[in-house]
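Letters A, B, ... are given to chains in the order of the sequence lines, protein chains preceding strands, and every chain is numbered from 1.
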Amino acid sequence: MKKTFKKEKLLKWSRINRQVLIGAVLFLAFIFPLFNLLGWMGMVWVRLGVKVAVFVLLALGLNIIIGETGLLNLGYIAFFAIGAYTTAIFASPRLGFHLPFWLLFLLSGFFAVAFGFLLGLPTLRLRGDYLAIVTLAFGEIVRITLNNWESVTNGPGGIPGIYDPVIFGLRIDNNFEYYYLTLGLIILCLILIRNLKNSRFGRAWNALREDEIAAECAGIHVSMAKLLSFMVSSLFAGFAGCIFASLQKFVNPQYFVFMQSVLVVCMVVLGGMGSIPGVIAGAIALDTLPEIIRHTFAFWLPSFLGEDFLTSFPPLLQNFLFDFDRYRMLIFGLAIVLMMIFRPEGLIPSRAWQRELHEIDPRLLEETQMIRFDLEEEEKDLEV
Amino acid sequence: MLRLEKVQTHYGRIEVLKFIDIEVNEGEIVCLLGGNASGKSTTMKTILGIVRPTSGRVVYRGEVINDVPTAQRIKMGIATVPENRRLFPHLTVLENLEMGAFTRNDKLGIQEDLKRVYQLFPVLEERKNQRAGTLSGGEQQMVAVGRALMACPKLLIMDEPSMGLSPALVDQSFEIIKEVNKQGVTIFVVEQNAQAALSIADRGYVLQTGEIVMEGKASELLKSDKIRKAYLGEA
Amino acid sequence: MVLLETINLTKYFGGISAVKKFNFKINEGEIVSIIGPNGSGKTTFFNLVSGLYKPDSGDILFEGESLVGLRPDQISNKGIARTYQTLRIFGNMTVLENVLVGMHPRLQSNFFHSLLHTLKVRREEKEAREEAIKILSYFKGRLTGPRLNHPASSLSYANRRRLEICRALANHPKLLLLDEPAAGMNPSETIEMMEQIKEIRDKGYTIILIEHDMKVVMGASDRVVAMDHGEKIAEGGALEVARNPLVIEAYLGKKGAQIA
Amino acid sequence: MGFETFVGLTLSGLTVGMIYALVALGYTMVYGVLKLINFAHGEIFTVGGYLGATFLIWIGIEDGIPLPLKILYVILAFLFSMILTATLGWSVERFAYRPLRKMTRIAPLLSAIGVSIFLQNLILLVFGVDPIIMPVAAIPEGYIPVFGANFRYLAVIIIVFSLILMGGLTLFIKKTRLGKAMRATSQDREAAEMMGINTNMTISLTFIIGSALAAIAGILVAMYYGTLKFDTGFLYGIKAFTAAVLGGIGNIPGAVIGALVLGLAENYGVGLKLGILAYFFILGLIVGLAYQFYFLPREARKKALFNLADRFSYDEGSLSKVKILNYCYYGGWISGFYFLFKERRDSLVRIHARQAIRVGFANTFLFLVTLIFFLNSNYKISSEWQNGITFLVLMLVLIFKPAGILGEHIPEKV
């Protein structure tokens, strides 16, 4: 009796804390650009904020595939590219189109989803690791096509001069406006994701992740469910691509290399597969970390400790701290490996994956589990 | 010959075996009974060295073998017929048998043992170049036993030899166990089918959720009420 | 009325027949047990009926319609649900969610409604939840209360089997395939399970049961079919089958027959 | 296009194919044992090439050095690189994969990607963005004229050397004690352990052999093209993986055949006009089918060719219809549709009719592709698309025939 009471109280607390935390994070996200107006922070950071927001959107989309449905998509950046190029082609002097933004936005999403459908339809019955390779190949094919289809994409030269979006007569042309636009989109997507997660579709995805055969025999159309999750995640990538292209005013195939796909996978994995706070934290951390490190050692610390405090460091370390960008992928690669070994559920884990990834060999576990759970069961029965 | 002394085993933090004592004497057939999840396979894996005990001792012929690796134990004469036989399906029968003798280096001895196995199971000689996966259940059981015998064991551990076999084959398989025992191999059978196991064993142990709850002569165990109730399905 | 009928059902695995010319019939409201040694084709038969395997020849008729060539989810939607010998619950989802997944095909809400979480969806979800709890309370307090929101992997072995049955019931199947529902249970739980199976039948479900425990088979089933090497070797009332010499030879053994 | 060009393309296709095969063997062996796509294998290949080239530069191989000494240097470079690369492969398995062996499948896969990124960036940091250049003196010069095409000595060496290595590997796996232990481990690890096989050691051995082969391939590529870049391995890795999948993963002869097919396809693809490619398309299909047919059990062979219905004893009613349906396999899919609608009550006929439609559809598809190729027979593919072809092949194989040409060899438990 006593024990359960305590537990309930604890649960309540954690729920309240969660709400407070979400509120705080949202508030921070809203007032973040104001720091610039107050003069506490350079414009660089607002710009970084927009970039982070775009990647948060991307990571949230990828999380639907990896975290919720348990499939690995290594060509995710291709859908981002399709969204970005759609915007670039239909809103730039390149081919002389200039579609209104809302149409462009929907069109970017639509093309990304359409390609997701085309890729997903034949491939989604493949085993997990094969699917990873096929998506990788798809990503590369998209990039190669963008690189070579010069009549439309201008090849490696890219498409410059993308028009600013205009929403309700408001012309979006500075970083603040982009920031709030993306933030709004993120919040919208979060609501949609939450709705889906709590619906029959979200449950079907989770069931697929857990046990495909049982899910199929429970009446879930496996290919349709997988295709749906593939398409929803492509949709987010398409949206993100649209914003990205408008923001940059320029796209070229170099943005959409395989390493970018891996970067987004890193965000999801390091943050915590299937956990929305984790994924957001992962995206923020991986995007800002290099900048923060560089700024810390190039500006902030010297201003406190004197210009040449770094010279006392060994040259290799100096090089590392100043030029963190070069070491970024090296460290992320290492981080993935270490993470998989020591904390596979990510920094802010979701409950489900935590258990999933800590499972021992099921054959070995079978009998131990039974014993353990039978014991727990007895305890619980006594308790109640 | 083999003695488990106060053996305790964990998987992670979960305790599976709780201080069990088991003794197997030279030339005996000893059976270990237990239902699902009682820790039978863990006991077997502990003896083979695939799972290491967290405390207690495993003593084999007077030596403590707690830290001896599996390969070494097989060289010392402990061989096993795993649960569900676990043959290598894409290797031929001959290759499967050879895998049993993996730890041995004496070519002549291996050849002799091969002959001995073929004598015991003439079918296997006919099928020696067939893939093991294409054999019938009974033949697979023969390969599994033969493969264990190829290690020239002094102690043979059998994990659920009756599992997945029809009653006729179960009888046959226990006949084989008796036959092997007559040739001087000590046998430790882990079984769920109490009836069949106790009818050929000399002594028996009963394992329940990681603890030995009963032990004694096989004939006595067969008569015990508790056993009849729990394992022979009598009300 | 005949609910499920198989005609000369045959399935080969690499030249060996797992199920061979198997003719089987079950009427509405019956409990039929299938017994036989391991590897005799019982589970293969279930897999054939639930669409995981495609038969090599023969036909499966469910309410007069053929099931051959349908996907497992289509078959499930026609009203056949099953459990598994090796438990296949969704371990990382809660007990309640497991049952809700079982309800998936019955829920109507479409994708866009779910995306927007409309009133209709909310109402449907609420009703689904209530019904799921009702189904879970078949097994008394074992799966309800605080355990509703526990992950399914934290359940005991016996409760996982019960949960699997609840998941199967969630789709309101006409036919329930239970694969060794009492495996791994202790004698008293086994007896309880037997009673519950009968209760479920009384609620209007038809049940095919694979079971090794002869007590359950004897106690619960209206008819028994014995299989060996993929073929039917006997059929009839429980006692009749248990006394059949073929069954005794292939499966029960002399001692087993005495117990039965 | 002259005949010489064709011969030249064939020879370079074979050479490149052999190199792919050396890398593909590493993938296929690891997949056979661990069911893991070793993403880092491509990077291990690069490291091998870099180490070999660095060694040759360091030892100062020059044109003035007498030939035997040159050969000695090159052999030393191979050994040096193989040993270090094998150590790298071993440690990757030991530290990045082994701790994850008991986790769900996505964890080791992600770890492998992590290792791949780590190694690639490590090479970038240590050796810089500029490609490493193989000393010219280390590359054998000269060529043999074959039907008017030039067959470089190096290419001859690559082909012969690779054949010897693959032969040796096959013998090793088929005949030796360790090779059998490897096969046993890949089929049932726990049972192998119970036989006294040190499975950890066997798995390490798989990685060591695979990495050493990759190192050889790396040096050979560096010699063949003269340079190596930090990200060459990524592409070679994917191509070799494609080869492994094309041949049927886990299947060692499959990896070799897949690699040769891919090497030839790439070279023909960019060198030839589409019309000629169409011929090879069909040829490849026939060769693949013939091979698969050849490896069927003898009894099944006859039945597979002529009468699918005889495979099992069907009941009388459906039998004749199924027999007719068999002609659909060869005839086309219209009759399949006909039967599907007319006899939709008969489930057996339905299954076969669907299959007939599927096969018919695939045949139609192939026919159309071939036709398009012929119609565009003047069109030449630009060489930039070489990688695109690989990716396309990979996607098509995985979509239409994931088991590969020779079939997968991933043992299931009994």
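- With a threshold of 4.5 angstrom between heavy atoms, C/Asn47 does not approach chain A through any atom at all.
- Using a 4.5 Å heavy-atom cutoff, the side chains of A/Ile213 and C/Arg88 are in contact.
- Closest approach of C/Asn92 and A/Arg209 over heavy atoms only: CB-NH2, 4.5 Å.
- Near-neighbour residues of residues 185-192 of chain A relative to chain C, defined by a heavy atom under 4.5 Å from a heavy atom of that chain, comprise A/Leu192.
- C/Phe90 approaches A/Asp211 most closely through the heavy-atom pair CE2-O, 3.6 Å.
- Within the 4.5 angstrom heavy-atom criterion, atoms from both the backbone and the side chain of C/Val101 approach chain A.
- Residue C/Tyr84 comes nearest to A/Ala214 through the heavy atom pair OH-CA, 3.5 Å, listed as atom of the first residue, atom of the second, then distance.
- Residue C/Arg122 holds its CZ atom at 11.0 Å from CG of A/Asn198, rounded to the nearest 0.5 Å.
- Here the straight-line distance linking atom CG of A/Asn195 with atom CZ of C/Phe112 works out to 13.5 Å at 0.5 Å rounding.
- No other option in C/Asn110, C/Ile80, C/Ile75 has as many heavy-atom pairs under 4.5 Å with chain A as C/Asn110.
- Within 6.0 Å of NZ on C/Lys126 lie no more than 12 heavy atoms contributed by other residues, nucleotides or ligands.
- With a 4.5 Å cut-off on non-hydrogen atoms, C/Leu107 touches chain A through its backbone and its side chain both.
- If you check the side chains of A/Arg203 and C/His104, you find no donor sitting under 3.5 Å from an acceptor.
- Of all the listed residues (C/Glu124, C/His113, C/Arg71), the one sharing the greatest number of non-hydrogen pairs under 4.5 Å with chain A is C/Arg71.
- More than 12 heavy atoms of other residues, nucleotides or ligands lie within 6.0 Å of OH in C/Tyr138, so this atom counts as buried by the packing criterion.
- Atom CD in C/Glu125 sits 7.0 Å away from atom OG in A/Ser199 (nearest 0.5 Å).
- Taken from OG in C/Ser50 to CD in A/Glu216, the straight-line distance is 9.5 Å, to the nearest 0.5 Å.
- Of the two parts of A/Leu228, only the side chain, counted from C-beta on, holds a non-hydrogen atom closer than 4.5 Å to a non-hydrogen atom of chain C.
- Surrounding CZ of A/Phe115 are at most 12 heavy atoms belonging to other residues, nucleotides or ligands under 6.0 Å away.
- Interatomic distance, CG of C/Asn171 versus SG of A/Cys217, reported as 11.5 Å (0.5 Å rounding).
- Listed options C/Ala170, C/Ser109, C/Gly51 were ranked by heavy-atom pairs under 4.5 angstrom with chain A; first place goes to C/Ser109.
- Minimum heavy-atom separation, C/Gly91 to A/Glu210: N-OE1, 3.3 Å.
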